[in-house]
A.B. asks: 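There's a structure below that I have some questions on.
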Amino acid sequence: QVDVTAMARLFGYVDVTDSGFIAAVARWEHKTRALSQVFGSPRAACYCLGAVILMLNCVRSHRFTEAMKSQPKLEGLDCHWAYYSGLAILAVGTLFVISSFLALGFTGTFLGDYFGILMEAKVTSFPFSVLDNPMYWGSTAIYLGWSLMHASPAGLLLTAVVAISYTIAVLYEGPFTEEIYRQKQKGAKNK
């Protein structure tokens with residue numbers, strides 16, 4: 001039998017679902033290539049990290065929903081117009097998330113550039129032609145729509161936390177990713 005209380009205590013202090021935590025792991029990989037060595041290749045390491053991110057996202061979404069269910073509803077939002085507005089926002093968010101994934105592919109979505117798996121060129125087609133970071137803002141819209149559909153003030157507060165986390169991630173991830181591609185261009189010019 002395995003005693004998991006120490007691990008449970010650790011996860012009480014470390015939110016591994018936070019995009020900043022995931023970005024820190026990816027930056028560490030970019031600097032050391034340690035995950036690529038452990039998994040035998042950058043692709044295998046990226047796929048494993050992507051699987052972990054997907055699993056953690058499922059956990060986060062489940063906990064988000066459970067938190068909404070356990071809290072009272074806001075009477076002013078418990079009506080048809082709020083429900084259908086939420087449904088529309090959720091649909092738009094889902095469109096942005098799915099179309100982002102289709103445009104970037106698995107490794108493009110799950111930090112492949114940090115593993116040295118670079119795209120040929122920056123993606124500028126839909127949804128990137130509409131807004132920057134459509135995966136993050138689509139995900140935020142999904143949580144917002146879900147919160148409105150459930151008339152949940154707790155959900156709205158948690159959506160704000162998600163939005164703040166993504167805003168911070170973009171501030172760090174965007175310039176770092178641009179630097180990776182700048183180095184790629186510089187290396188191509190030197191050949």
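In what follows, residues are counted from 1 in the order of the sequence shown. Computation of the quantities below employed the complete heavy-atom set of this structure, encompassing side-chain atoms and omitting hydrogens, waters and symmetry-equivalent molecules.
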A.B. asks: Do you know which two heavy atoms are closest between Phe106 and Ala51, and how far apart they sit?
C.D. replies: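 Nearest pair, atom of Phe106 first, then Ala51: CZ-N, 4.2 Å.
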A.B. asks: Testing the basics here: between Leu156 and Ser147, what is the closest heavy-atom pair and its distance to 0.1 Å?
C.D. replies: N-OG, 3.6 Å
A.B. asks: Hydrophobic clustering (ILVMFWY, side-chain heavy atoms < 4.5 Å, transitive) - are Ile117 and Trp28 grouped together?
C.D. replies: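 Both belong to a single hydrophobic cluster.
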A.B. asks: Working to the nearest 0.5 Å, report the span between CG of Asn57 and CZ of Phe64.
C.D. replies: 11.5 Å
A.B. asks: Atom CG in Leu148, atom OG1 in Thr159: separation rounded to 0.5 Å?
C.D. replies: 8.0 Å
A.B. asks: Are any non-hydrogen side-chain atoms of Leu35 and Phe115 less than 4.5 angstrom apart?
C.D. replies: yes
A.B. asks: Are Leu131 and Phe101 connected, step by step, through hydrophobic side chains (Ile, Leu, Val, Met, Phe, Trp, Tyr) whose heavy atoms are closer than 4.5 Å?
C.D. replies: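 Yes.
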A.B. asks: Do Phe110 and Tyr172 sit in one hydrophobic cluster, given that two such residues count as connected whenever their side-chain heavy atoms are within less than 4.5 Å of each other, even indirectly?
C.D. replies: no
A.B. asks: Heavy atoms only: give me the nearest Leu118-Lys184 pair and the separation to one decimal.
C.D. replies: CD1-CD, 3.5 Å
A.B. asks: Identify the two heavy atoms, one from Ser100 and one from Phe128, that lie closest to each other, and give their separation to 0.1 Å.
C.D. replies: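 Shortest heavy-atom separation between Ser100 and Phe128 comes out as CA-CE1, 4.1 Å.
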A.B. asks: What heavy-atom pair brings Met149 and Leu87 nearest, and what distance separates the two atoms?
C.D. replies: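 For Met149 versus Leu87, the nearest heavy atoms are CG-N, 3.6 Å.
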A.B. asks: May I have the list of side-chain donor-acceptor pairs in residues 92-99 shorter than 3.5 Å, sequence neighbours left out?
C.D. replies:
unit_1 : atom_1 : unit_2 : atom_2 : d
Thr94  : OG1    : Leu90  : O      : 2.9
Ser99  : OG     : Leu95  : O      : 2.6
Ser99  : OG     : Phe96  : O      : 3.4

A.B. asks: What's the separation between atom CZ in Arg60 and atom OG in Ser139, rounded to the nearest 0.5 Å?
C.D. replies: 5.0 Å
A.B. asks: When rounded to the nearest 0.5 angstrom, what distance separates OH in Tyr136 from OG in Ser165?
C.D. replies: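 It comes to 10.5 Å.
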A.B. asks: Tell me whether Leu54 is reachable from Val162 by hopping between hydrophobic residues (I, L, V, M, F, W, Y) whose side-chain heavy atoms are closer than 4.5 Å.
C.D. replies: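 Yes, Val162 connects to Leu54 through the hydrophobic network.
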A.B. asks: Are Val38 and Leu111 co-members of a hydrophobic cluster defined by side-chain heavy atoms under 4.5 Å apart?
C.D. replies: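 They do share one cluster, since a chain of ILVMFWY contacts under 4.5 Å joins Leu111 to Val38.
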A.B. asks: With a cut-off of 6.0 Å (strictly less than), are more than 12 heavy atoms of other residues, nucleotides or ligands near CD of Glu75?
C.D. replies: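 No - once you tally the heavy atoms of other residues, nucleotides and ligands closer than 6.0 Å, there are 12 at most.
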A.B. asks: For Gly155 versus Met68, what's the shortest heavy-atom pair and its separation?
C.D. replies: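 Heavy atoms only, the tightest pair is CA-CG, 3.6 Å.
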A.B. asks: Side chains of Leu158 and Tyr143, heavy atoms from C-beta outward: is any pair under 4.5 Å?
C.D. replies: no
A.B. asks: Can you measure from CG (Leu49) to OG1 (Thr107) and round to the nearest 0.5 angstrom?
C.D. replies: 12.0 Å
A.B. asks: Between side-chain atoms of residues 175-182 and protein atoms elsewhere (two or more places apart, or another chain), which donor-acceptor pairs fall under 3.5 Å?
C.D. replies:
unit_1 : atom_1 : unit_2 : atom_2 : d
Thr177 : OG1    : Glu173 : O      : 2.9
Glu179 : OE1    : Arg182 : NE     : 3.1
Glu179 : OE1    : Arg182 : NH2    : 3.2
Glu179 : OE2    : Gln183 : NE2    : 3.3
Tyr181 : OH     : Met119 : N      : 3.0

A.B. asks: Inspect the surroundings of OH in Tyr84 and state if more than 12 heavy atoms from other residues, nucleotides or ligands are less than 6.0 Å away.
C.D. replies: no
A.B. asks: Can you confirm whether Trp137 sits close enough to Thr167 that some side-chain heavy atom of one is under 4.5 Å from a side-chain heavy atom of the other?
C.D. replies: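 In contact.
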A.B. asks: Between SG of Cys46 and CD1 of Ile53, what distance do you get to the nearest 0.5 Å?
C.D. replies: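 If I round to the nearest 0.5 Å, the distance is 8.0 Å.
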A.B. asks: With heavy-atom distances below 4.5 Å as the criterion, would you say the side chains of Tyr166 and Thr140 are in contact?
C.D. replies: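 In contact.
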